[in-house]
Amino acid sequence: MAGNSDLLTCYLANRGDLLKYAARITGDYVHAEDLLQEVWIRCQSSEKPEKPLHFLYRVVRNLAVDRYRAQGRERQCFVQADESTTDSVPAPTADAETNMSGRQELEAVMAALDGLPEKTKRAVLLCRFEGWKLREIAVELDIPIGSVHRIIAQGLEHCRKHLYLSE
């Protein structure tokens with residue numbers, strides 16, 4: 001992360017403009033917020049770019065295009081079904097091995113969350129498990145929205161590393 005301090009500084013200094021840009025592409029600020037969170041997570045593992053601001057705008061645009069294409073594929077895969085059709089389809093059931101694996105992953109993530117500072121843990125839980133918006137979390141924790149974004153990204157990275165180490 002130390003190599004990305006210029007990128008972090010650029011991201012935080014231009015977050016408002018990046019959000020507006022993402023909102024223009026996605027058509028809505030909620031999706032734009034989600035997109036920016038994903039941008040920062042992706043940028044943490046990238047090499048240090050020569051032009052950080054240009055790089056950030058390009059990542060926003062590329063992720064937005066990827067999401068748009070994925071939504072198009074989903075619309076093609078899923079058809080509208082009436083109630084009679086869905087009533088005849090059995091609910092999916094998981095086998096014992098899948099259930100056990102899922103429980104183990106959840107336990108590993110919860111253990112990783114327990115190792116985080118309290119504000120970071122709370123921010124991750126509110127965002128990922130409760131579905132709160134970043135601005136709501138910022139108000140709840142009484143910290144700037146950019147800090148919320150940063151600590152959630154750090155918390156998720158911590159959980160990801162912890163999960164892979166537990167495998």
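These numbers come from a predicted model, not from an experiment.
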Hey, what do you get for CZ (Arg61) to CG (Leu56), rounding to the nearest 0.5 Å? 12.5 Å
Taking all non-hydrogen atoms of both residues, which atom of Gly146 and which atom of Arg15 are closest, and how far apart? CA-CD, 4.3 Å
Ion pair present between Glu33 and Arg135, side-chain N to carboxylate O less than 4.0 angstrom? no
Mind running side chain to side chain contact (heavy atoms under 4.5 Å, CB included) on Glu130 and Leu125 for me, showing each step along the way? CA-CA 6 Å; Glu130 300 291 329; Leu125 289 173; 5.6 Å; no
Which atoms form the tightest heavy-atom contact between Leu113 and Cys159, and what is the distance? CD2-SG, 3.6 Å
Beyond-backbone contact of Ile25 with Tyr21, side-chain heavy atoms, under 4.5 angstrom: yes
How long is the gap from OG on Ser147 to CD on Gln154, to the nearest 0.5 Å? 9.5 Å
Validation row: Gln37, Cys127 side chains within 4.5 angstrom (heavy atoms): yes
What distance do Lys119 atom NZ and Leu141 atom CG have between them, rounded to the nearest 0.5 Å? 6.0 Å
Main chain of Leu134, side chain of His149: is a donor-acceptor contact present, judged purely on distance under 3.5 Å? no
More than 12 non-hydrogen atoms from neighbouring residues, nucleotides or ligands closer than 6.0 Å to NZ on Lys121, yes or no? yes
CD1 of Ile41 to CG of Leu63: how many Å apart, nearest 0.5 Å? 10.5 Å
Evaluate whether atom CG of Asp142 has more than 12 neighbouring non-hydrogen atoms of other residues, nucleotides or ligands under 6.0 angstrom away. no
Between Val148 and Trp132, is any pair of side-chain heavy atoms under 4.5 Å apart? no
Going through the checks in order, is the side chain to side chain contact (heavy atoms under 4.5 Å, CB included) test met by Leu156 and Arg128? CA-CA 9 Å; Leu156 292 174; Arg128 292 299 184 177; 3.3 Å; yes
Counting distance only, does the side-chain N/O of His31 pair as donor-acceptor with the main-chain N or O of Ala22 below 3.5 Å? no
Given Val60, which partner from the list Leu19, Thr26, Val39 fulfils the side-chain contact (heavy atoms from CB on, under 4.5 Å) test? Val39
Can you check whether Trp40 reaches Leu8 side chain to side chain, under 4.5 Å on heavy atoms? yes
Gap separating the OH atom of Tyr57 from the CG atom of Asn14, nearest 0.5 angstrom: 6.0 Å
Would you give the length of the straight line joining atom OH of Tyr29 to atom CG of Leu36, rounded to the nearest 0.5 angstrom? 10.5 Å
His162 and Ala108 have their tightest heavy-atom pair at CD2-O, 3.1 Å
Please examine the side chains of Ile152 and Ile137, heavy atoms only from C-beta on, and report whether any two atoms are closer than 4.5 Å. yes
